[in-house]
A.B. asks: 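Just dropping this structure here.
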Amino acid sequence: MFEHVNQNKTNFQAMLAVLFAAFLFSAMFALPKGAATDLQWFQIVFIRYTGGLIFLLPTVWRWHYKGNSLKSSFGLLHIGRSIAGIGSVACVVIAASQIPLADVITISFSNGAIVLVLAGIILGERVLPRHWASIIITILGASLVASQSTEGGQSSFFSSAALIALLAACCMAVEIIVIKFVSEREAIPVTLLYVNGLASLLLLTPSLIWGQWQGLDSWWPVLLMGPIAILGQALNLFAFRKADVVLLTPLTYSSILFSALLGFLLFGEHLSWYTALGAIIIVTGCLIGMGIYRKRLSQSS
């Protein structure tokens, strides 16, 4: 009985951690959209990763001080993930400056379908019929949102901003595949150090040469992106180590709701019917792909 109570308490803590992480990531992408700044996209992404690196350094130092090595055997993979990470953050920032934040986040969550395809091709995992059904359903949901999104008040079948959001989903999927491979073989502080450090280095030169750094008072909110991202990642890592993926994954889609609320409260954006319907379709498709409904049915029988 006590074990059951303790497990319920642990599950509840993990669920709260995932919900808070989803809010943090939604807030992270809202910061550059709400900042009164003329920063270029590469400056914003540079600040995000550099801020995350600085925030992470004390933890990495403690890790190394305890005698742990900071060497990595996956340098090329870290470079690839850093490039994908830069692409995902940049695409979301650019797209969110043109269409509602909720639309961008909803479209980006179609990465689940892309992950299934890449997992089969790269990781050699079996792609079952329910996975293909998930891919089709998720693409339909993302296409609905993308086709109805407007850019500058002009409606088009696929606005450039919607296509950029779809590109963000592709970049996020690559990140997930690399994380899945590396996380099973390397310590978390080492992985985060290399990813944030390499991304900062890749963007350092263009940010210094072509960036505009006047008016610190107008772009200081962007500085919060890095610490918020690290904190969100830490919460997710804590949660998924404490509870089952099947229990927690549906809660990650609360980012769509949080993005809609932040968009309404901060920018006066209204949640459209096609965004809500597209979000439902995408979530349903991803859950089918994970086999959540099938697992729950087997557990209840």
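Throughout, numbering of the chain's residues begins at 1 and tracks the sequence.
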A.B. asks: The test is side chain to side chain contact (heavy atoms under 4.5 Å, CB included); show your working for V18 and L235 and say whether it passes.
C.D. replies: CA-CA 7 Å; V18 168; L235 287 170; over 6 Å; no

A.B. asks: Side chains of T191 and H78: donor-acceptor distance under 3.5 Å anywhere?
C.D. replies: no

A.B. asks: Listed by chain and number, what are the side-chain hydrogen bond (donor to acceptor under 3.5 Å, both in side chains) partners of S272, not counting sequence neighbours?
C.D. replies: T275

A.B. asks: Tabulate below the donor-acceptor pairs under 3.5 Å that side-chain atoms of residues 255-265 make, not counting sequence neighbours, or state none.
C.D. replies:
unit_1 : atom_1 : unit_2 : atom_2 : d
S255   : OG     : A22    : O      : 3.4
S255   : OG     : T252   : O      : 3.4
S259   : OG     : S26    : OG     : 3.3
S259   : OG     : S255   : O      : 2.7

A.B. asks: Please determine whether side chain to side chain contact (heavy atoms under 4.5 Å, CB included) holds for the pair L39 and I47, giving the CA-CA distance in whole Å, both sets of side-chain angles, and the decisive distance to 0.1 Å.
C.D. replies: CA-CA 10 Å; L39 290 176; I47 294 171; 3.9 Å; yes

A.B. asks: State, to 0.1 Å, how close N236 and F25 come at their nearest heavy-atom pair, and which atoms those are.
C.D. replies: ND2-CE1, 3.6 Å

A.B. asks: Quick one: pull up CZ in R81 and CG in L76 and give me the separation to the nearest 0.5 Å.
C.D. replies: 15.5 Å

A.B. asks: Do K33 and E269 pass the salt bridge (Lys or Arg N to Asp or Glu O under 4.0 Å) test, and can you show the C-alpha distance, the side-chain angles, and the key distance before you say yes or no?
C.D. replies: CA-CA 12 Å; K33 183 179 179 72; E269 299 173 348; 3.2 Å; yes

A.B. asks: Please name the pair of heavy atoms, one in S88 and one in C171, separated by the smallest distance, quoted to 0.1 Å.
C.D. replies: N-CB, 3.6 Å

A.B. asks: Once rounded to the nearest 0.5 Å, what's the spacing between atom CZ of F42 and atom CG of L203?
C.D. replies: 9.0 Å

A.B. asks: Taking a hydrophobic cluster as the set of Ile, Leu, Val, Met, Phe, Trp and Tyr residues connected by side-chain heavy atoms closer than 4.5 Å, whether directly or through intermediates, do M225 and L201 fall within one such cluster?
C.D. replies: no

A.B. asks: G278 and T106: which non-hydrogen atoms are nearest, and at how many Å?
C.D. replies: C-CG2, 4.2 Å

A.B. asks: Same cluster or not: L277 versus L140, using hydrophobic residues (I, L, V, M, F, W, Y) connected whenever any side-chain heavy atoms lie under 4.5 Å apart?
C.D. replies: no

A.B. asks: Judged by atom type as modelled, is there a donor-acceptor pair below 3.5 Å linking the side chain of Q43 to the main-chain atoms of Q40?
C.D. replies: yes

A.B. asks: Tell me, do I228 and R48 make a side-chain contact under 4.5 Å, heavy atoms counted?
C.D. replies: no

A.B. asks: Which atom pair, heavy atoms only, marks the closest approach of I54 to P58?
C.D. replies: O-CD, 3.5 Å

A.B. asks: Could you report the tightest heavy-atom contact between L202 and S82, atom names first, then the distance?
C.D. replies: CD1-CB, 4.3 Å

A.B. asks: To the nearest 0.5 Å, how far apart are CG in L266 and CG in L101?
C.D. replies: 9.0 Å

A.B. asks: Is there a side chain to side chain contact (heavy atoms under 4.5 Å, CB included) between F46 and L204? Walk through the geometry before answering.
C.D. replies: CA-CA 7 Å; F46 171 73; L204 177 61; 3.7 Å; yes

A.B. asks: Does W63 form a side chain to side chain contact (heavy atoms under 4.5 Å, CB included) with L70? I'd like the steps, not just the answer.
C.D. replies: CA-CA 9 Å; W63 167 267; L70 296 178; 3.6 Å; yes

A.B. asks: Has the side chain of N196 got a donor or acceptor atom that lies under 3.5 Å from a matching backbone atom of G52?
C.D. replies: no

A.B. asks: Is there a path of hydrophobic side-chain contacts, each under 4.5 Å between heavy atoms of I/L/V/M/F/W/Y residues, joining V145 to I280?
C.D. replies: no

A.B. asks: With the 4.5 Å side-chain cut-off for hydrophobic clustering, are I83 and V45 part of the same group?
C.D. replies: yes

A.B. asks: Could you measure the distance from the CE atom of M172 to the CG atom of L167? Nearest 0.5 Å is fine.
C.D. replies: 10.0 Å

A.B. asks: Could you report the tightest heavy-atom contact between V222 and P32, atom names first, then the distance?
C.D. replies: CG2-CA, 4.4 Å

A.B. asks: In Å and rounded to the nearest 0.5 Å, what is the CH2 to CD1 distance from W41 to I164?
C.D. replies: 11.0 Å

A.B. asks: Output the rest of the hydrophobic cluster of W61: all Ile, Leu, Val, Met, Phe, Trp and Tyr residues reachable through side-chain heavy-atom contacts under 4.5 Å, sorted by chain and number.
C.D. replies: Y65

A.B. asks: For the hydrophobic clusters of this structure (ILVMFWY residues joined by side-chain heavy atoms under 4.5 Å, transitively), does one cluster hold both F267 and F23?
C.D. replies: yes

A.B. asks: Do I79 and Y194 touch side chain to side chain, with heavy atoms closer than 4.5 Å?
C.D. replies: no

A.B. asks: Output the distance between atom CG (L231) and atom CE (M28), rounded to the nearest 0.5 Å.
C.D. replies: 12.0 Å

